[in-house]
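Encoded as structure tokens, the structure appears first; notes follow it.
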Amino acid sequence: MFAQVVVDVPVVDTDRPFDYRIPESLAPFVFVGSRVSVPFGPRKLQGFVVGLADTSEVEKTRDILDVLDVEPPLTEEMVWLARRISERYMCTYYTALQSMVPAVLRSSYDKQIFLTAAGEAFVSVLSDEQAFYEYIRNRQPVLWNKIMKEFPFAAAWLDEGLKKNRIRVEQIVGDRVTKKTITILSPAVSVEELEAAQGELSKTAVRQKEVLSHFIHFYGPIPQPELLSLLGVSNQAVKGLVDKGLLIKEEVEGYRDPFSGRTFTPAPKHPFTAQQKTVIDGIVEGMNPPVYYPCLLHGVTGSGKTEVYLEIMERTIDQGREAILLVPEISLTPQMVNRFKGRFGSQVAVMHSRLSQGERYDEWRKIRRGEVKVAIGARSAIFAPFQNLGLIILDEEHEGSYKQEETPRYHARTIAQYRGMHHHAVVILGSATPSMESYHEAKKGRIHFFEMRERVGNRPLPEVTVVDMREELRDGNRTMFSKPLMDSINNRLEKNEQIVMFLNRRGFSTFVMCRSCGYVAQCPHCDISLTYHRSNQTLRCHYCGYTEREPQICPECGSEHIRFFGTGTQKVEEELARYFPGIRVIRMDVDTTGRKGAHEKLLQDFREGKGDVLLGTQMIAKGLDFPNVTLVGVLAADSLLNLPDFRAAERTFQLVTQVGGRAGRHEKKGEVILQTYNTEHYSIQYASRHDYESFFVEEIKQRYEKNYPPYYRLVLFTFAHENVPLLVKISERFARKLRETIPPGAYLLGPVASPIARIKDRYRFQCMIKYKNDPRVLPAIHQVVRAFDEERKKTGIMLTVDVDPQMMM
DNA sequence: AGCACGCCGACT
DNA sequence: GTCGGCGTGCTC
């Protein structure tokens, strides 16, 4: 038997399966989807089996060395899906395969070091080199990476040792898996024999008798820690019985349960509203018999979409099928998870970025083994390896975070469509502010459309006031809080109601400027201003991580009038304290939510009324639901509007609508105040009137006129290199080649300098293809991109290809 | 991507 | 004379 293996060399040359012979001993463990280690040239690599065959065309096949998992980590569907992704998003097959398994299964390569006879005999005149050799002698084999850390001169000594043949090196392929094991105790003999043994124990062996008596009453296996705490005995007692051969100790794989010790109360099942019922009945149509049933669920904030999800999910599980719920990372809050855990309990696996790698792996294995029926997680949970998938939900489907911003640059919505078709599953795209793409699809009748226009309990949508900050300035108000916002804050403080205050970070972060000469602190490696971080008095670059100390005087002119501009959350917090003495602010941003569980804790504090204001960035824009919040302030509603991106208006509308939706979700009426310098912009106007439809009509007109999605599709190419003339030359040559290759109807813009013209000392140029949905375009581009690989090798120019880009930078 | 092979300059 | 620079080519 032969296996087609895609190996861990993710470049164009090797981006294809290689044939390997399967040795008889491994044959029972090799499947499509298995992870194996194989010899590749002089090296030993990890690879994935993508096919099996009785024969091979290849003359000299080599043998698979090892199978790395007992069960294959990927299903056949995943292997198929990886192929599709690699074609659609122009990445290598291996990259696509690898992105579907948890990080711990990504290969780690290391080398083992052994001493040769010459090495054994070697005596160094240097005492520390002598110590180095003794270290190897005592512990061999020693891992290469470990010894490099232990000895400062390891590299030189290893190099010399190899040359002089004192050491021998062997490469190993492993993974980062550390499976948690638990110790299980079970009786080794019959109950009668246990009873007999109990009588024979010495009188002083009281503890051992207690343990035996447990097993006599409950004849069966029990985890050791459980037994110890149950009986209040030490493991000494257990050990004695194991030694006597009465009990058996075995290590079994256990799962780390990130939710252990927490209980989930099932949410009371409210009777459905009429509109919820209509939607549920409609979606269920797609389940009997199962067909691919894509639909858009447009429901205003607070209309009860989650209830619909829960119900459809329950029916899916009743059919014996599985479900995936995708949510944006930032709304993957305990609140959200608890509702599903409450309903489906241990049938739910949650994939969370805050979980440790090991915990993620455990959750993933539960899915792979079919031990759970529901997977909840952010983008990558779309790859949950279920085998009988009946339902995929993308909540907040308009969210940009569903697009992965590294290779493979897939969109979870597209993958949902692929998997939905494969499994004849229901795919629900849910949002209060659907993406232009999805709403357009629905309007054209290409996907089913459901709507929920009313909030549960007929609560009115909050009243929105748009405040013109230019007028505020004219009236002499130079603070970041307008008069109406000030009044409303005071009003809530008096009534003891809570406030959510939203500040968009993007395009509005703190930068440092000298008021004497106008100097702005820039990153020396990227064309971007540095951001001030008050917590450790540093300036940081958000792109490359460059950090420097806060300047006391202007490095250009020596002036002391160097000030922090812009409005970061920290600054807002200070200002709040200044204008509203005694106000209790809970600030949520990267600085305050860094630690594990901090995010959760802050929200809990706010819920318990330990703060008057919840102040934050994007992360507070969605999913949160606090009964006592009656005011939402948006400090700079238009901060997104001026970004060089065709989705700026759409993003602004979505953000303002989502943030506004945080107010008045319960008995108390809500109010939203939007501060802006663009009062008349349609995205702000329609958002303030909760008028999605009108916004859509206006925006789709713009998209049509300017050949943007959903009418045209985009592919963005970014070139990066230190050398600008070379960059220009090569990118122009590439563009010319593309123009010659793409079919008529598709056209190319650029190349031009990228909006961020330099990152990590590399200058950036970009060009963009626009095309109507023509199946010939992507293969044509792929061909040019593959041919470019030689150029890349020669010149060192980096090229990234982003199909369906979400961000234009 | 690595790692080998292979063909030309600066040293013991 | 050799050591070592990194260009080119291959990996079932």
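Chain identifiers are assigned alphabetically (A, B, ...) following the order of the sequence lines, protein sequences preceding nucleic acid strands; residue numbering begins at 1 within each chain. From a predicted model like this one, the values you see are computed outputs, not experimental measurements.
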Would you mind reading off the distance between Lys793(A) atom NZ and dC6(C) atom C1', rounded to a whole angstrom?
15 Å
For Glu790(A) and dC10(C), what is the distance between atoms CD and C1' respectively, to the nearest whole Å?
14 Å
Minimum-distance nucleotide (side-chain atoms of Pro42(A) versus dC3(B), dT11(C), dA1(B)):
dC3(B)
How many whole angstroms separate atom CG of Leu45(A) from atom C1' of dC3(B)?
11 Å
In whole angstrom, what separates Arg16(A)'s CZ from dC10(C)'s P?
12 Å
Treating Ser754(A) as the side-chain partner and Ala757(A) as the backbone partner, does any N or O pair qualify as donor plus acceptor under 3.5 Å?
no
When we call it a touch if two heavy atoms are under 4.0 Å apart, what does Tyr20(A) touch: a base, just sugar-phosphate, or nothing?
sugar-phosphate
Starting from P on dC10(C), measure out to NZ on Lys60(A) and report it in whole angstrom.
11 Å
Any base atoms under 4.0 Å from Thr61(A), or only sugar-phosphate, or nothing? Heavy atoms, all strands.
sugar-phosphate
Taking any heavy-atom pair under 4.0 Å as a contact, classify Pro39(A): base, sugar-phosphate, or nothing.
sugar-phosphate
Among Arg786(A), Lys793(A), Arg792(A), salt bridge (Lys or Arg N to Asp or Glu O under 4.0 Å) partner for Asp13(A):
Lys793(A)
From CZ of Phe40(A) across to C1' of dA4(B) the rounded distance in Å is 14 Å
Between atom NZ in Lys794(A) and atom C1' in dC6(C), what is the gap in whole Å?
17 Å
Result of checking Phe151(A), Phe122(A), Trp157(A) against Tyr133(A) for ring-ring contact (aromatic ring centres under 6.0 Å, His included):
Phe122(A)
Does Arg43(A) have a side-chain nitrogen or oxygen under 4.0 Å from the phosphate oxygens OP1 or OP2 of dG2(B)?
yes
Under 6.0 Å between ring centres: does that hold for Phe717(A) and Phe788(A)?
no
Round to the nearest Å and state the distance from Trp144(A) atom CH2 to dG2(B) atom C1'.
14 Å
Would you please indicate yes or no on a ring centroid separation below 6.0 angstrom for Tyr20(A) and Phe2(A)?
no
Need one value for Asp8(A): base, sugar-phosphate or nothing, where a base atom within 4.0 Å counts as base even if backbone is also close, heavy atoms only.
nothing
